[in-house]
Amino acid sequence: MRGLFISIEGPDGSGKSTQIENIKKFFEDKNIEIVFTREPGGTAIGERIREIILDNSFKEMDPMTEAMLYAASRAQHVAQVIGPALEAGKVVVCDRFVDSSLAYQGFGRELGDAVEVINSYAIGPYMPDVTFLMKLDPNEGKHRIQENRDTQDRLEHEKLAFHRKVYKGYLELEKRYPDRILGIDASRGIDEIRDEIYKKLEEII
Ligand code: TYD
């Protein structure tokens, strides 16, 4: 039987990392082994691609190049890590997946449907079963990043207008895939958010 594929999405600074720690703990407490991984990256090749994508000195990067690099990283990730784990019946938890490309490159960079097409080659049959979407106003997200991080990568450096388009994209995706994407109000307290995620996880395992 195919395993369970969970992805976590959200704009920069939405508190995604904190809740990922909680998700890991949820499975640990139940003694369920998970394969935890992240994008861009997740493989040696993917991590190298990640360095190129996020490098602040590459100001000239064309949006289509960016989209294809994310998709290339994803193709390797699916072939090497995600696909085999799911075929072995494991639980895979992934920090960002295809929805990040749909939101950041499709809506943020305004590449539209091309992003879905490129990524269909990268992911094959492996769509997440459940996607937690951390919903936080981009204004608030930007504030949190500036307060908590010393350095920002190429994408985080983008203007608020870009992050607004990304966020609108996420909200559009939530509407488009209501059976898969669970929107979480990330402006609330950490524990409240955790409880909502745990409730959903209890339902699906
Ligand atoms: P990451 O360093 O993981 O940031 P975060 O901690 O916010 O998840 O992600 C790097 C950046 O890459 C982030 O700004 C989102 C962006 N991104 C895309 O634009 N497209 C994609 O397909 C993925 C996976 C990430």
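Indexing begins at 1, ligand by ligand and atom by atom, following the structure's order.
Residues of the protein with a heavy atom under 4.0 Å from ligand 1 are Asp12, Lys16, Glu39, Pro40, Arg50, Leu54, Tyr70, Arg74, Arg96, Ser100, Ser101, Tyr104, Gln105, Asp153, Leu155, listed by chain and number.
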Side-chain donor-acceptor distances from residues 26-37 under 3.5 Å, at least two apart:
unit_1 : atom_1 : unit_2 : atom_2 : d
Asp29  : OD2    : Lys25  : NZ     : 3.0
Lys30  : NZ     : Glu202 : OE2    : 3.0
Thr37  : OG1    : His77  : NE2    : 2.6

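Side chain of Arg74 to main chain of Ile123: no donor-acceptor pair is present (N/O by atom type, distance under 3.5 Å, no hydrogens or angles). Remark: side-chain polar atoms of Arg50 are paired, donor with acceptor, to backbone N or O of Pro40 under 3.5 angstrom.
Under a 4.5 Å side-chain heavy-atom cut-off, the cluster of Ile, Leu, Val, Met, Phe, Trp and Tyr residues that includes Leu160 has no other member.
Contacts of Tyr170 classified as ring-ring contact (aromatic ring centres under 6.0 Å, His included), with partners at least two apart in sequence or in another chain: none.
None of Leu54, Asn56, Asp55 except one satisfies the side-chain contact (heavy atoms from CB on, under 4.5 Å) rule with Phe58; the exception is Asp55.
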